[in-house]
Protein chains: 2
Amino acid sequence: MTQTTSRRKRASRGDGEQLRAEIVTAAKGLLAKSANSDAVSIRMVADAVGVTPPSIYLHFADKDALIEAVVSDVFAELDVAMMTAGASVEHPLGRLRAYGLAYVKFAVGHPEHYRVATMERCPTEGEPGHLDQILADAAFVHFMETVQACMNVGIFAKDDPLPITLQLWAAAHGIASLMIAKPFLPWDDVEAMADRVLCAAALGTAVAGMLGGNPSPDQITAWLDGQRDD
Amino acid sequence: MTQTTSRRKRASRGDGEQLRAEIVTAAKGLLAKSANSDAVSIRMVADAVGVTPPSIYLHFADKDALIEAVVSDVFAELDVAMMTAGASVEHPLGRLRAYGLAYVKFAVGHPEHYRVATMERCPTEGEPGHLDQILADAAFVHFMETVQACMNVGIFAKDDPLPITLQLWAAAHGIASLMIAKPFLPWDDVEAMADRVLCAAALGTAVAGMLGGNPSPDQITAWLDGQRDD
DNA sequence: TGTACATCAGTGAACGCGCGTTCACTGATGTAC
DNA sequence: TGTACATCAGTGAACGCGCGTTCACTGATGTAC
């Protein structure tokens, strides 16, 4: 009915692509204020950009394609945040920690973006090459490289870095998504809590590797007792 | 339009409450096949029960109230699964592990229920007493009691069990929700992966407690080196 | 034992709404001759 | 230098749909007298 923003100036010939970027930005902005991607409609996005709904279809096949574009934008932003935080940290374990902290901070700082990117069912899930796409995602690759670096200096047992990467990702995702889904829980200092979870995950992974895999509760108890005896 | 199930027999006087339970069960069943709670409508639920949509409002104030009833049903079921798995395990760390594994198995086995219960924005989030309600939730209480038991036998440093409980919950939630959100990742053996994450979290928490809190990367590296020298 | 009546568990039809998407179109812009 | 024309970036109106919820009602059931 009423338009919230003024109508956008029509792009001149050859500058059609410009609208595409504006649409993604507008959708991202609207998503930041919504519970999920269902709550952001093509009509709202069009209105925010100052254009009519059919214009969206000049640049995206359908709504799923638009959401997907937003998600890949979010992942790119996440990678930048992680790289910025860890670039200058020499120690691979310190870098891993910096990455993890940046990851959680990004998630908590952009909860709705993080939610859409990692907690909603992915519309292109079944497509071929989808797995490769995730595993080739910049943030994931950088994270795994650092896991490999930790293996090289002997912090983690030398092995395929993929499972360990998934394991540590699960830890970071766990604290991030729980803080987002249940913000009313007594998290106290968000960053300190995230750090504890990440440190415990890395330390536990290192020690489990040292103990030769997945120790049983009795083994763990015995080992802990041995430690305290020293 | 067409009804998928036959019309339900009308309850006799005083048995009105019976429909309430049938509605929750039907909603749960429909939710199991949907991406999220938006995808399950009052009309679908009514149709599945064999009743007209307005009948739902005889038992629930609105759709949110119905979803909330389903969620609390799911949490109760989760608690039963955890208790069944851990009841006979004497060692508190073993019990914690059994609880954690049961938690992840439940989540992976009922992905949509788990998703609605823990990954969707909660409609009653802002209400007073909501926090107390979560913290008094059966599964949470049982989990925290076991963390306390681990502290009592010296596995974790003696302290307030709440932060450690949240920390371990985050680990379990992390691997569970990542497996659900990204089922196409190379998880290989789901249960073994979950076990590794849970063991690492518990072990890391225990060791961090032993090292007196949150160790720095350098401290961790030095400590690991010391371990290997023995 | 009979009957008027209150109660209860529902029904049927409709409300106004916003959605994704399609279709035929318009009108400015640049280009070929 | 002028003009016909293809192209491009959109527009306007409509499609059919399913949604949550409300309202006035119905008709079986049990109860009071």
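Note that the structure is a prediction, hence the values are computed from the model and not measured. Residue numbers start from 1 in every chain, and the chains themselves are labelled A, B, ... in the order their sequence lines are given, proteins ahead of strands.
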Assess whether a salt bridge exists between A/Glu22 and A/Arg8, defined as any Lys/Arg side-chain N lying under 4.0 Å from an Asp/Glu carboxylate O.
yes
- Test: B/Glu112 and B/Lys28 ion pair at under 4.0 Å: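 Salt bridge: no.
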To the nearest Å, give me how far apart [atom1] ([X]) and [atom2] ([N]) are.
X       : N      : atom1 : atom2 : value
B/Leu58 : D/dT21 : CG    : C1'   : 13 Å
B/Lys9  : C/dT11 : NZ    : P     : 13 Å
A/Leu66 : C/dG20 : CG    : P     : 10 Å
A/Lys63 : C/dC19 : NZ    : P     : 8 Å
B/Ile56 : D/dT21 : CD1   : P     : 11 Å
A/Tyr57 : C/dT21 : OH    : P     : 4 Å
B/Phe60 : D/dT22 : CZ    : P     : 16 Å
B/Asp62 : D/dT22 : CG    : P     : 9 Å

ask   = Counting only N and O atoms by type, is there a donor-acceptor contact under 3.5 Å from the side chain of B/Lys63 to the main-chain atoms of B/Val40?
value = yes
*Could you walk me through whether B/His130 and A/Phe184 pass the ring-ring contact (aromatic ring centres under 6.0 Å, His included) check?*
CA-CA 8 Å; B/His130 181 72; A/Phe184 44 81; 4.6 Å; yes
First of A/Pro53 and B/Val40 reached from the 5' end of DNA chain D, by closest nucleotide: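 First, find each residue's nearest nucleotide; the 5'-ward one identifies A/Pro53.
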Counting only side-chain N and O atoms of B/Arg8, is one of them less than 4.0 Å from OP1 or OP2 of C/dG10?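 Checking B/Arg8 against C/dG10: at least one side-chain N or O falls below 4.0 Å of OP1 or OP2.
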Return no unless some side-chain N or O of A/Ser55 is found under 4.0 Å from OP1 or OP2 of D/dA9.
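No, because none of the side-chain N or O atoms of A/Ser55 sits under 4.0 Å from OP1 or OP2 of D/dA9.
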[X] side, atom [atom1]; [Y] side, atom [atom2] - distance, nearest 0.5 Å:
X        : Y        : atom1 : atom2 : answer
B/Glu120 : A/Met119 : CD    : CE    : 11.0 Å
B/Ser55  : B/Arg10  : OG    : CZ    : 10.0 Å
A/Leu198 : B/Gln167 : CG    : CD    : 10.0 Å
A/Met83  : A/Leu78  : CE    : CG    : 8.5 Å
B/His142 : B/Asp137 : NE2   : CG    : 9.5 Å

Which of C/dA9, C/dT21, D/dG10 is nearest the side chain of A/Val51? It is D/dG10
With B/Tyr103 as partner, the option from B/Phe75, B/Tyr114, B/Phe143 fulfilling ring pair (Phe, Tyr, Trp, His ring centres under 6.0 Å) is B/Tyr114
Counting Watson-Crick and G-U wobble pairs whose two distances are both under 3.5 Å, find the runs of 3 or more in a row that involve DNA chain C.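 Consecutive-pair runs (3 or more) involving DNA chain C: C:2-33 with D:2-33.
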Sort me out a list of protein N/O and nucleotides 23-27 of chain C N/O pairs below 3.5 Å, or just none if empty.
from: C/dG27; atom 1: N2; to: A/Arg10; atom 2: NH2; distance (Å): 2.2

Within the supplied structure, the quantity of interest is the number of heavy atoms (other residues, nucleotides, ligands) at a distance under 6.0 Å from B/Lys105 NZ; does it exceed 12? no
query = Touch check for B/Thr52, heavy atoms < 4.0 angstrom, all strands: base, sugar-phosphate only, or nothing?
reply =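 If one applies the 4.0 Å heavy-atom cut-off, B/Thr52 turns out to touch a base.
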Note: contacts of residues 21-34 of chain A with DNA chain C (heavy atom, under 4.0 Å) are none
Per side-chain contact (heavy atoms from CB on, under 4.5 Å), A/Ile164 is matched among A/Leu168, A/Leu166, A/Leu162 by A/Leu168
